[in-house]
> 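Sharing a structure with you now.
Order of the sequence lines fixes the chain letters, A, B, ..., with proteins taken first and strands second; residue numbering starts at 1 for each chain. Quick note: numbers below take in every heavy atom, side chains included, and nothing from hydrogens, waters or symmetry partners.
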2 protein chains.
Amino acid sequence: MEKNLAPLEALSQYFRSDYFPLTKQEEEELARRFMERTVKRRAFLLQEGEVCRYASFVVAGCFKMYAVDKSGKEHNLLFAVENEWITDLASFYAEQPARVYVEALEPATVLQIKHDDLLDLFTHYHKFDRNFRILVERGYIALQDRLLQSISATAEERYQNFLTQYPHWARRLPNTQIASYLGITPEFLSKIRKDRVTKPGKA
Amino acid sequence: MEKNLAPLEALSQYFRSDYFPLTKQEEEELARRFMERTVKRRAFLLQEGEVCRYASFVVAGCFKMYAVDKSGKEHNLLFAVENEWITDLASFYAEQPARVYVEALEPATVLQIKHDDLLDLFTHYHKFDRNFRILVERGYIALQDRLLQSISATAEERYQNFLTQYPHWARRLPNTQIASYLGITPEFLSKIRKDRVTKPGKA
DNA sequence: TGGCACCCTTAACCTAGCGTAAGAAATACC
DNA sequence: GGTATTTCTTACGCTAGGTTAAGGGTGCCA
């Protein structure tokens with residue numbers, strides 16, 4: 001009963017510890033609208049061309065969001081583990097076909113809410129508008145930071161920063177996935193890792 | 001009286017046409033808290049190390065937001081012209097020193113609101129929370145799109161996309177600034193532009 | 001206990017885009 | 001209206017990172 005909170009309890013806990021905590025009533029409204037779903041490794045929450053119907057909160061397991069370019073290569077945009085959200089906002093809000101995939105890297109459990117139900121929460125309970133505003137703001141800040149790095153930093157620096165900023169992802173993900181997130185090939189990441197060991201502190 | 005709305009009228013108009021329109025009272029609250037400011041070409045709204053005290057809405061003129069890397073090079077993160085916002089959210093919300101500059105590329109007029117006044121609007125008028133949630137969502141979507149391109153597209157493709165996605169910026173900005181936004185050197189952009197003319201449609 | 005799928009590494013060769021330099025064209029400002 | 005500062009272009013050598021290919025490791029399930 002300690003490591004495995006009931007999924008909805010995990011979500012309430014999440015708001016309580018990082019956002020404006022919910023009242024009993026708001027928690028009930030939450031429970032009424034979020035649905036639990038378990039998915040296997042390799043299964044998709046979303047595929048290119050589909051409309052993203054749900055916002056998803058990860059209760060257990062691990063996901064990646066990625067796009068496929070015209071030469072067929074995958075480019076990871078985002079990872080999500082426990083207590084993180086994974087949703088293609090562009091598709092979700094505009095109700096247009098997604099240009100990305102969301103795939104489970106491990107067996108997983110998520111809580112999902114439909115677009116209309118979320119808008120409903122927004123209109124009836126001020127606090128959700130606010131909590132989601134803050135949530136998206138934080139995402140925006142993280143994205144801007146990453147964009148800056150991708151424009152201005154070398155692959156080695158980006159890897160280094162990834163390790164310090166996202167240790168919980170780094171510990172858990174295979175290097176192939178990390179390479180794709182950093183925008184380099186697995187082969188080149190391998191070379192970087194070797195060099196880091198060889199010339200450690202850098203003179 | 002047609003092209004030059006009063007600044008506050010421009011802001012109300014902005015919400016009216018793209019977001020949930022404001023009531024008379026909300027517009028008055030807006031007027032009470034936003035301050036007009038004019039800046040010369042080259043002047044800074046924000047410099048690295050300062051805390052970003054204001055959210056800024058551009059009424060006239062043109063700005064760039066950029067970061068300077070450790071070798072002294074500038075990297076443009078964002079442009080803003082009339083009816084666009086330019087604010088370092090990371091610094092503004094956390095009240096921490098900014099890592100970026102915001103500089104006027106043309107003589108400009110902005111409307112600015114202080115952090116506390118904005119939070120005040122959020123708590124007293126539900127609609128601002130909502131309008132700003134949507135505003136940030138749209139910014140997030142644009143950023144993600146750009147990140148994807150910077151990971152997966154070639155410099156020439158990025159330039160092409162820039163021209164089609166942001167014609168109003170492209171028309172107005174010098175190529176040096178555009179190059180910095182795309183993450184390439186002005187010299188290389190120049191080469192791309194030459195090639196586009198030489199081999200036009202691409203067989 | 002063997003096979004299959006996935007992951008990591010190494011190495012040799014290749015290319016997109018950078019750095020530098022320097023002249024020409026355009027624009028800002030007094 | 002004229003000078004000074006930006007901006008744009010061209011060219012050439014150079015480096016970060018990609019590509020291809022191949023070998024070895026590891027865990028999983030039959």
> Among residues at least two apart in sequence or on other chains, which ones pass side chain to side chain contact (heavy atoms under 4.5 Å, CB included) with Asp117(A)?
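Testing Asp117(A) for side chain to side chain contact (heavy atoms under 4.5 Å, CB included), a comparison that skips the adjacent residues, returns Arg33(A), Ile113(A), Lys114(A).
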> Checking Glu106(B) now: which residues fulfil salt bridge (Lys or Arg N to Asp or Glu O under 4.0 Å) with it, not counting sequence neighbours?
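With sequence neighbours excluded, Glu106(B) shows a salt bridge (Lys or Arg N to Asp or Glu O under 4.0 Å) to Arg172(B), given in chain and number order.
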> Gln177(A) has an atom CD; how far is it from atom P of dC6(C), in whole Å?
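Interatomic distance, CD of Gln177(A) to P of dC6(C): 12 Å.
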> Check whether any side-chain nitrogen or oxygen of Arg193(A) sits under 4.0 Å from OP1 or OP2 of dT9(C), and answer yes or no.
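Checking dT9(C) against Arg193(A), a side-chain N or O does come within under 4.0 Å of OP1 or OP2.
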> List in chain and number order the residues that pass salt bridge (Lys or Arg N to Asp or Glu O under 4.0 Å) with Glu48(A), two or more places apart in sequence or in another chain; answer none if no residue qualifies.
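Residues passing salt bridge (Lys or Arg N to Asp or Glu O under 4.0 Å) with Glu48(A): none at all.
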> For Ala94(B), enumerate each residue passing the side chain to side chain contact (heavy atoms under 4.5 Å, CB included) test, keeping only those at least two apart in sequence or located in another chain.
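Result, side chain to side chain contact (heavy atoms under 4.5 Å, CB included) vs Ala94(B): Gln96(B).
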> Check the phosphate of dT6(D) against Thr176(B), side-chain N and O only, distance under 4.0 Å to OP1 or OP2. Yes or no?
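No, Thr176(B) has no side-chain N/O under 4.0 Å of OP1/OP2 on dT6(D).
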> Counting side-chain heavy atoms from C-beta on, which of dT9(C), dG17(C), dG18(D) comes nearest to Lys191(A)?
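That would be dG18(D).
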> In whole angstroms, how far is the P atom of dC6(C) from the CD atom of Glu74(A)?
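Computing the Glu74(A):CD to dC6(C):P distance gives 12 Å.
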> Rounded to the Å, how far apart are Ile178(B) CD1 and dT7(D) P?
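The answer, rounded to whole Å, is 12 Å.
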> Separation of Phe188(A) atom CZ from dA11(C) atom C1', in whole Å?
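Between C1' of dA11(C) and CZ of Phe188(A): 14 Å.
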> With Ile141(A), which residues qualify under side chain to side chain contact (heavy atoms under 4.5 Å, CB included), at least two apart?
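Residues passing side chain to side chain contact (heavy atoms under 4.5 Å, CB included) with Ile141(A): Leu89(B), Ala90(B).
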> Verify the contact: side-chain N or O of Asn175(A) to OP1 or OP2 of dC8(C), cut-off strictly under 4.0 Å; return yes or no.
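Answer is yes, contact under 4.0 Å.
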> Using a cut-off of 4.0 Å between protein heavy atoms and nucleotide atoms, how would you tag nucleotides 25-30 of chain C 5' to 3' with B, S and -?
----S-
> Rounded to whole angstrom units, what separation is found between the CG atom of Leu173(A) and the P atom of dC7(C)?
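The answer, rounded to whole Å, is 11 Å.
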> Show each protein N/O and nucleotides 19-23 of chain C N/O combination with a separation under 3.5 Å, one pair to a line.
unit_1	atom_1	unit_2	atom_2	d
dG19(C)	OP1	Lys73(B)	NZ	3.2

> Report the residues that fulfil salt bridge (Lys or Arg N to Asp or Glu O under 4.0 Å) with Glu50(B), sequence neighbours left out, ordered by chain and then residue number.
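Salt bridge (Lys or Arg N to Asp or Glu O under 4.0 Å) list for Glu50(B), sorted by chain: empty.
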> Check the orientation of Phe162(B) and Phe79(B). Use parallel for under 30°, tilted for 30 to 60°, and perpendicular for over 60°.
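Phe162(B) vs Phe79(B) ring planes: perpendicular.
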> How far apart are the C-alpha atoms of Lys24(A) and Glu28(A), what are their side-chain angles, what is the distance that settles it, and do they pass the salt bridge (charged side-chain N to carboxylate O under 4.0 Å, His left out) test?
CA-CA 6 Å; Lys24(A) 275 273 175 297; Glu28(A) 279 166 27; over 6 Å; no
> Among dT10(D), dT7(D), dT10(C), which nucleotide sits nearest the side chain of Ser190(B)?
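Nearest to the side-chain atoms of Ser190(B), counting from C-beta on, is dT10(D).
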> Scan residues 183-192 of chain A for pairs that pass salt bridge (Lys or Arg N to Asp or Glu O under 4.0 Å), counting only residues two or more places apart or in two chains.
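As it turns out, there is no salt bridge (Lys or Arg N to Asp or Glu O under 4.0 Å) pair with a partner in residues 183-192 of chain A once direct neighbours are skipped.
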> What is the distance, rounded to the nearest whole Å, between atom OH of Tyr159(B) and atom C1' of dG17(C)?
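Going from Tyr159(B) (OH) to dG17(C) (C1'), I get 17 Å.
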> Using salt bridge (Lys or Arg N to Asp or Glu O under 4.0 Å) as the criterion, list what pairs up with Arg130(A), not counting sequence neighbours.
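Salt bridge (Lys or Arg N to Asp or Glu O under 4.0 Å) check on Arg130(A) returns Asp129(B).
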> Expressed in angstrom and rounded to an integer, what is the separation of Ile151(A) atom CD1 from dG17(C) atom P?
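One finds 14 Å between P of dG17(C) and CD1 of Ile151(A), rounded.
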> To the nearest 10°, let me know how far the axis at one end of the helix from dC8(C)-dG23(D) to dC30(C)-dG1(D) is tilted from the axis at the other, five pairs an end.
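Axis angle across the helix from dC8(C)-dG23(D) to dC30(C)-dG1(D), nearest 10°: 60°.
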> Enumerate, atom names and distances included, each donor-acceptor pair closer than 3.5 Å involving a side-chain atom of residues 36-43 of chain B, sequence neighbours excluded.
unit_1	atom_1	unit_2	atom_2	d
Arg37(B)	NH1	Gln112(B)	OE1	3.1
Arg41(B)	NH1	Leu105(B)	O	3.4

> Please verify the inter-ring angle class for Tyr181(A) with Trp169(A); under 30° counts as parallel, over 60° as perpendicular, anything in between as tilted.
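The arrangement is perpendicular - the two ring planes meet at more than 60°.
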> For Ile184(A) and dT19(D), give me the distance from atom CD1 to atom C1', rounded to whole Å.
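Atom CD1 in Ile184(A) sits about 14 Å away from atom C1' in dT19(D).
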